[in-house]
Every structure is written in structure tokens, then in C-alpha cells.
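A short worksheet on the structure shown next.
Proteins come first, then strands; the chains are lettered A, B, ... in the order of their sequence lines, and each starts at number 1.
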Amino acid sequence: MSLEAHLFLALLEGTVGALVLALTALGLSLVFGVMRIVNVAHGAFFMLGAIVTWYVSTLLGSFLLALVVAPLVVGAVAVVADRLVLRPIGYEPESTIVATIGLLYILEQAVLMIYGPYARPVTAPIYFRVDFPSFGYSGYKLIVGGVAAILLVATWIALARTKLGLYMRATQQDREIAQAFAVPVGRVYTTAFGAGAGLAAVAGALIVPVQQAHYLMGLDALLLSFVVVILGGLGSLRGTLVAAFVVGLSDGAVSVLFSPTLAKIVATLLVALVLAVRGRGLFGEEIA
Amino acid sequence: MTLGLHLGVLALLGGLQLVLPPFHHGMLARIMVLAAYAAGYNLLLGYAGLMSLGHAMFFAAGMYGTGLTIHYLGVGVITGFLLGVVAGLAVAAAVGLITLRTAGPAFLIVTMMLAQAFYLATLYFNEITGGDQGFILSGLHLDLAGRRLPLADPAVKYNVALVVFAACLLLNFWIVRSPAGRILLALRENEERTRLLGYNTPRYRLFAVTVSGLVAAVAGSAYTLLFSYVGSTFAGILYSIYPLLWALLGGAGTILGPLVGTLVMTYLVDVASSLTTGYLIVVGATLVVTILWVPAGIVGGIRARWAPWLP
């Protein structure tokens, strides 16, 4: 393959990766924006989405059904966790981090016990090849990118145009004033946590036919989401989208041209330095 | 009286080696080294009020600093140990400087990211570090007063672990009682007010991160020498979460808490690992239970109820 073909492949991989990453990171960003908490279990929700997808599409034989069931199941798990653990500790920032680390291990190890240590694929529901001048590309990957883009727009519209979206934005701006204006803040919190988990689960479900479902797949998703959300500014949805593209494209490029491990080292160091110099990200507000 | 209590605990640990059966003898040696690690973590979390999720990089810096120099340069045990400690000190000071302006969740995420970069680097340079597989050190000897003591010998292992733990415990005790330790407590309670009172808060934060990282590196280096193994597992995120769990369960901000937390958790994980493959679920469950019902930890709870004088 020529250099141009390599670059084009990197761009294509990067764009699809960026769209899925944006979907995952959007969930994390939503939870931080509305609830002011850092959810370390976000990667576990991504992983759980993939595992549920494997079970549903293997046992019931329908990937499309799995795509609907996965976010619902994972969202329900998140809502239960919110009610049983996060609400009783009053969403105190550091206790919440400890609690979500705990949740991460509970989910991950429960999956290990039930599903086992295997990496298992699901056959893509649609298989066709798109032939570019110098290489062929999986059509399913393009569809993944398209579905992720549609879901991103849908989330955006839900936040900007619906009453629930208005409640969320109000809670994000000022929790107490929102409560004074009869916004049911408690329910908004639970909804945001469930919806954030659901977004991660959809992303996990979409990726199974490409990546296989494995109980440890959540850690990379979590770290990359952190990178994106911090670069974009915690709580800023527009920043999250921009950052997902920057990270997704550069990750794709460095991975194809050099090595995936090197790409991750560069990304994590970059984000640590950005955060250390500016307590806020490129957009968005101060975390502390 | 309080110093007496801590010396008593150390004496008890020293005496236990005479009565413990081999399995528990070995477990306790390992627990003491890990408790030293937890004590280093606790200096930062319990006294300066900074929650880190990257201490594995300090532990691993000590481990690689010692292991690589012994393996490749053939230095002796004492020199290797000192080089590991210096490596840990350098990494801790650098991290302290980088994170100087972050607080709360931002501090936690930055330390986690830096530790992850460190972990990935140990994998990336696997031709030198051995990556996941790691490498084994063999035939380590400690030359002490003309005698040659093999570190693989259980009694030597136990007593070296005891000395390392005792040194870390007493350092902890001394720092907490010193004026600098008081200022760390003030930092935890209210950084803004401490600064207003005229204290150079960034300098004390740097001090806290550096000393905490140093103690973690001492533990990491000792772990390598006693258990003759170097591997990237110890740089992974689990080994950043462990000291948080040990310190929280035992009681953050108590001197004996890290030992109690490490003791309980190590046995719990050991029992669970014989029952199921997903034994780390006890790590998750203990974190959630601790934060929900015993946020002060075991020793912290005892202090609140019966012994307000416990440091």
C-alpha cells in the first residue's frame, strides 16, 4: 500500500473510532456535567453493554434486538447502583470515586464468574465490503460510524429540545436554583446516571462484532473517555465531541503508523499535562 | 503511651514469627511489606487529604530501580535497594511538581493518567523490562556484619520485612507529630486558610507527595528483593487501588490503619481466590461496603468510639 492509502486508512479508522469514542465519552461527560461526579465504573458499563449484546444475539439470535436490550439492561443496573450506593453517600466527590471503583470491580468480576475469561465475537448483522482504490474496507464499520453519529445527534436534540434535557441543563448550571424552580433534581440525577451508562452500553454493543466481548475491555474505553472528556473540558458536550475527533484521529494515525501502545502513552501523558497546567480542559469549567 | 502502643505492635509482630506456622509466616512477611506501601499511601490520603490513583508508579519505580540495576548491572542488594529508592524519589518529586496545581478529582485523574503512561511504558520497553512476564532475580544475599544472609530464607525474609515496616511506621509516627505533619493536617482541613495563615502550601504539598512516594518506593524495592520478582503487574491500576483500599478499610489518617487494612484484605483475597476465579470481587465489595457503612475505617472507628488519643 502507498503512503496515501495508509493515511486514508488511518483517517477512516480514526473517524469511525472517534464516533464510537464520542458516544462513550458523551455518557461520561453527561454524568459529570449534571451530577458533578467522576464515574470510574463508566468503562464497566461499556463492557457490560458488549457482554449483554453477546448473550442476546447468541441466545436469541438477533443483533438488532441486542442493540436495544443492552442499553436498557445496563441503564437499569446503573439506576440500581445510583439508588443503593451513590445516593446514600450524597454524591460526595471522593467517596463517589471510591464507590465507583468498587462498582467497577464488582461488575467486572461478576462477568468473569458468569461469562468467563473468553473473548467472544458476534457476527456482524450486515456484511459487505466497500472497495476503495487500493484496499477493501468492512462495510459494517462504516455503519457503526453512521449509527454512532445518529445517536450523538439524537442525544444532542434530547438535551437541547426536550423537557428532560432542560431539567438536565438547569441542574448542571445550578442545582439549588433548579430545585427551587421545582426541577426534580434527585430524579434528574438518577436519569443522567442511567442515560450515561446506556450511552456507554450502546457504544460497547456496536463494537462487539469488530472487537469481541471480553471482561477486561472496559479499562481502555474508560481511559480514552477520560482523555477525551478532560481535553474537551468536563461537562462541556461540544468540547467532548471536538476532543473525541482530535483523540480518535490522532490515535488512529499513530496506531496505524507507529504502535497502539505508543499512541496510548502519548495520549495519557498529553492529558495529564493539559490537566496539570489548566485545571479546566480546553473548553468547560474547573474541576475541583 | 501512644509510642509504647506502636512499639508494642512491632514487638508483637517480631514475636509472632516464633509461633506462626510456615504459611502464615510467609503471608505476614508479605503483608508487612505491603502495609509499608499502604502507610506511604496513607500519609498522602489520611494526613494531606490528597487521593491518588497512581501510587503503583512509585511502588514500581522502586521495584524497577532495584530489579533492573541488580539484573543488568550486577550491583549488590544494598546498592540496588538505594538505587530503587532514588528512582522512586525522582518519580515522586516529578509527579509532585506536575500535580502541584491540581486538587480533588483532578489530582486523582492526573496521577492515574501518569501511572497508566508509566505502566504502558513498562510494556512498551518489554525487551528491557520483560513486560507482563517480568523477570526473576535469583540468589540474593544480604551481607551483614561479615555474615552472608540469603534473602530467600524465611526467617531473613520475615525480619527484613519487619525492619522495613517498622522504619516506615516510625517515620509515619514522627512526621505526623512534627510541625510539618500538623501543617499537612491543616492542608487537609482547609488549604485556603492554611495559605492565608502564611504557610507555603505548595511546598508542603510537594513534601507530602514526595515522602508518600518515597515510602511506596521503599516498599516496592523491598518487595522485589524479598520475593525476587519484577513485573509490570505491580505497575498496573490494581496496585494503585490496593493501597487506597487498605488505607480506607484500616482507617485513613490513623497510623495503625494501613497495617490492619492490609492484614484483613490480604487474607480476604486469599480466601476468596480459593473459592472463585472472580475473587477480586471482594475488592469491589469491600470498597463499596467501607464507603457506605464504615467511612472512618476499622481503626478510625475504634478511635472515634473508644480511643480518641490514637494518632
Report task. May I ask you to check whether over 12 heavy atoms, not counting those of R169(A), lie within 6.0 Å of atom CZ? Result -> yes
Report task. Could you look at L53(B) and say if it's the side chain, the backbone, both or neither that has a heavy atom under 4.5 Å from chain A? Result -> side chain
Query raised in the report: With a 4.5 angstrom heavy-atom cut-off, which part of S259(A) approaches chain B: side chain, backbone, both or neither?
Result: side chain
Report task. Tell me, yes or no, whether the heavy-atom count around Y55(A) atom OH, taken from other residues, nucleotides or ligands under 6.0 Å, exceeds 12. Result -> yes
Query - Residue among L107(A), I97(A), V266(A) with most heavy-atom pairs under 4.5 Å to chain B - result: I97(A)
Query raised in the report: Is the CD atom of E92(A) crowded by more than 12 outside heavy atoms at less than 6.0 Å?
Result: yes
**Report entry** Side-chain heavy atoms of M113(B) within contact of L270(A), under 4.5 Å
**Finding:** no
Requested in this report: Using a cut-off of 6.0 Å, state whether more than 12 heavy atoms not belonging to R203(B) lie near its atom CZ.
Outcome: no
Query raised in the report: Top residue by heavy-atom pair count (under 4.5 Å) with chain A, among I237(B), I291(B), V110(B)?
Result: I291(B)
Query - Contacts of A186(B) that satisfy side chain to side chain contact (heavy atoms under 4.5 Å, CB included) - sequence neighbours left out - result: T194(B)
Query raised in the report: For the candidates L273(A), V40(A), I265(A), L219(A), which exhibits the highest count of non-hydrogen atom pairs separated by less than 4.5 Å from chain B?
Result: I265(A)
Report task. Please indicate whether Y199(B) has more than 12 foreign heavy atoms, meaning atoms of other residues, nucleotides or ligands, lying under 6.0 Å from its OH. Result -> no
Requested in this report: Could you give me the CA-CA distance, side-chain angles and deciding distance for Y105(A) and L238(B), then say whether side chain to side chain contact (heavy atoms under 4.5 Å, CB included) is met?
Outcome: CA-CA 10 Å; Y105(A) 274 93; L238(B) 179 61; 3.3 Å; yes
Query raised in the report: Once you round to the nearest 0.5 Å, how far does CG of L45(B) lie from CD of E94(A)?
Result: 7.5 Å
Query raised in the report: What residue, out of I281(B), V289(B), L287(B), has the most heavy-atom pairs lying under 4.5 Å from chain A?
Result: I281(B)
Query - Minimum side-chain heavy-atom gap L223(A)-M112(B) below 4.5 Å - result: yes
Query - Sorted by number, residues from residues 114-125 of chain B in contact with chain A (heavy atoms, under 4.5 Å) - result: L114(B), Q116(B), A117(B), L120(B), A121(B), Y124(B)
Query raised in the report: What's the verdict on side chain to side chain contact (heavy atoms under 4.5 Å, CB included) for V38(A) and L108(B), showing C-alpha distance, side-chain angles and the deciding distance?
Result: CA-CA 10 Å; V38(A) 177; L108(B) 182 134; 5.5 Å; no
Query raised in the report: So which bits of residues 257-278 of chain B come within less than 4.5 Å of chain A, counting non-hydrogen atoms only?
Result: T276(B), T277(B), G278(B)
Report task. Assess whether atom CZ of R187(A) is packed by more than 12 heavy atoms of other residues, nucleotides or ligands within 6.0 Å. Result -> no
If you look only at distance, which donor and acceptor atoms sit under 3.5 Å apart when one is on a side chain in residues 108-117 of chain A and the other is two or more places apart or in another chain?
residue	atom	partner	partner atom	Å
Q109(A)	OE1	L280(B)	N	3.4
Y115(A)	OH	A213(A)	O	2.8

Query - Part of I98(B) within contact of chain A (heavy atom distance under 4.5 Å) - result: both
Query raised in the report: Less than 4.5 Å apart, any side-chain heavy atom of L245(B) and any of I101(A)?
Result: no
